[in-house]
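To start, the structure itself, in structure tokens.
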2 protein chains.
Amino acid sequence: MKRNSRLSLALHSVAHMASEPDRLRTSAEIAEHAQTNPVVVRRVLGKLRQAGILKAEKGHAGGWQLARAADRISVADIYLALDERLTPVSEDAPPRCSVEHALERRVSLIMDQAERDLIENLKGLSIAEARFPIDT
Amino acid sequence: MKRNSRLSLALHSVAHMASEPDRLRTSAEIAEHAQTNPVVVRRVLGKLRQAGILKAEKGHAGGWQLARAADRISVADIYLALDERLTPVSEDAPPRCSVEHALERRVSLIMDQAERDLIENLKGLSIAEARFPIDT
DNA sequence: TTGTCGAGTAACTGATATAGTTGCATGACT
DNA sequence: AGTCATGCAACTATATCAGTTACTCGACAA
Ligand code: FES
Ligand code: FES
């Protein structure tokens, strides 16, 4: 895979689980569907569990399940649960001159606004509806 | 540095050059300002040269210079010149089921729209004005 | 015309991020 | 008690990127 396959994996897994919401699935099953590794699945879906999107049960009849109906899970929920922001402008290095500081601040403001708008738009797309093709 | 320091380097270098547009600067000078390496500077600024934002001259009195006035260079110009898109959803792997295909398509449409909006906003910010602090 | 200097570029190194893997502890059900 | 699945730590492999070295090409000067 490549960078940021985590979002793809999370979206596909949740969408797949939405087809049979009552069925418990093991990480091994989900990994097979996504053609990856059970531990990778548990790592990524673990974030969704912490965010309250999924439930996981240990033990003999354990597995993963949606925590609520698919039409109440938005793509924004999943995007935010993974906690991976865009923010291409680095804030870690202390700016070495006032010009750089002013410039990065202005660009960061625009970037942050863009991401907020993106999240707003992703909020309008639920997993339930995202599973079906677009008409146009 | 960290990921996407190229945009920071490009922005800072162009902003610095805007303070004395007529002066030619060598990659060694620019690298010293940005606390990095001359080859790295040439790699990044080379993209801006290809995009027509900067001019570079070889030889004894060679160096780098803005190709046009700073108020006619927008942050979007630089962002686009580097040709690094966001697009967190991978398109390289062929989708393995129709659900994944539909879902990634819908998410991609929203992501692409967000990036187009971002670029529109960056177009409104020129290097000339970005060099000064924000009032608010 | 020859030497110097700077851009341009290819090749390599080191650091970092991420997917994948192994192994084991914990907890739930049989 | 035994089985099975999650949770998690540690490790490996790979890709990306900044940094570095070492060259070629071209422009200008002596
Ligand atoms: S394999 Fe079930 S949604 Fe793709
Ligand atoms: S050092 Fe000149 S603009 Fe930052």
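Letters A, B, ... are given to chains in the order of the sequence lines, protein chains preceding strands, and every chain is numbered from 1.
Checked against dA19(C), dC5(C), dC4(D), the side chain of R43(A) finds its nearest nucleotide in dA19(C). The side chain of H60(B) sits closest to dG3(C) out of dT20(D), dA19(C), dG3(C). Comparing dA5(D), dG20(C), dG23(C) against the side chain of N37(A) picks out dG20(C) as the nearest. Relative to the side chain of V39(A), the nucleotides dC8(D), dA19(C), dG6(C) differ in distance, and dC8(D) lies closest. Residue T26(A) has its side chain nearest to dA5(D) when only dG19(D), dA5(D), dA18(D) are considered. Here the side chain of R42(A) is nearest to one of dT20(D), dA19(C), dG23(C), namely dG23(C). When distances are taken from the side chain of A56(A) to each of dA18(D), dG3(C), dG7(D), the shortest belongs to dG7(D).
Mapping V40(A) and A61(B) onto DNA chain C by nearest heavy atom places A61(B) closer to the 5' end of the strand. Where A28(B) and E84(A) meet DNA chain C, the nucleotide closest to each residue was compared, and A28(B) sits on the side nearer the 5' end. If you find the closest nucleotide of DNA chain D to K58(B) and to W64(A), the one lying nearer the 5' end belongs to W64(A).
Between the side chain of R49(A) and the base of dG7(D), no donor-acceptor pair of N or O atoms lies under 3.5 Å.
Put simply, NZ on K47(A) is 11 Å from P on dC8(D), counting in whole angstrom units. Atom CG in L7(A) sits about 20 Å away from atom P in dA17(C), given to the nearest Å. The nearest whole Å value for the distance from the CG atom in L82(A) to the P atom in dT18(C) is 12 Å. Look at CD on Q65(B): it is 15 Å from C1' on dG6(C), rounded to the nearest Å. Atom CD of E57(B) is separated from atom C1' of dC28(D) by 11 Å (rounded to the nearest Å). Distance, I30(B) CD1 to dG8(C) P: 11 Å, rounded to whole Å. One can place CZ of R6(B) at 14 Å from C1' of dT16(C), the figure rounded to the nearest angstrom. Between the CZ atom of R85(A) and the C1' atom of dA17(C) there is a distance of 19 Å, rounded to whole Å.
A heavy-atom distance below 4.5 Å is not found between the side chains of S8(A) and L11(A). Considering only heavy atoms from C-beta on, L66(B) stays 4.5 Å or farther from I53(B) through its side chain.
In this structure, CD on E104(B) lies 8.5 Å from NE2 on H12(A), to the nearest 0.5 angstrom. Once rounded to the nearest 0.5 Å, the distance linking CD of E100(A) with NE2 of H33(B) reads 12.0 Å.
Listed here is the closest heavy atom pair of T26(B) and W64(B): C-CD1, 4.3 Å.
Ionic pairing of K47(A) and E84(A) is not present here: no N-O contact between side-chain nitrogen and carboxylate oxygen is shorter than 4.0 angstrom.
Put simply, S27(B) has no side-chain N or O that comes within less than 4.0 Å of OP1 or OP2 on dG6(C). Close to dG19(D), at under 4.0 Å from its OP1 or OP2, lies a side-chain N or O of T36(B).
There is a path of hydrophobic side-chain contacts, each under 4.5 Å, that joins L82(A) to I110(B).
The main-chain N or O of H16(A) is found under 3.5 Å from a side-chain atom of S19(A) such that the two form a donor-acceptor pair.
A rotation axis mapping the C1' atoms of four pairs onto the next four is fitted at both ends of the helix from dT1(C)-dA30(D) to dT30(C)-dA1(D) over five pairs, and the angle between these axes is 0° to 10 degrees.
When heavy atoms are screened at a 4.0 angstrom cut-off, G46(A) is found touching no nucleic acid atom at all.
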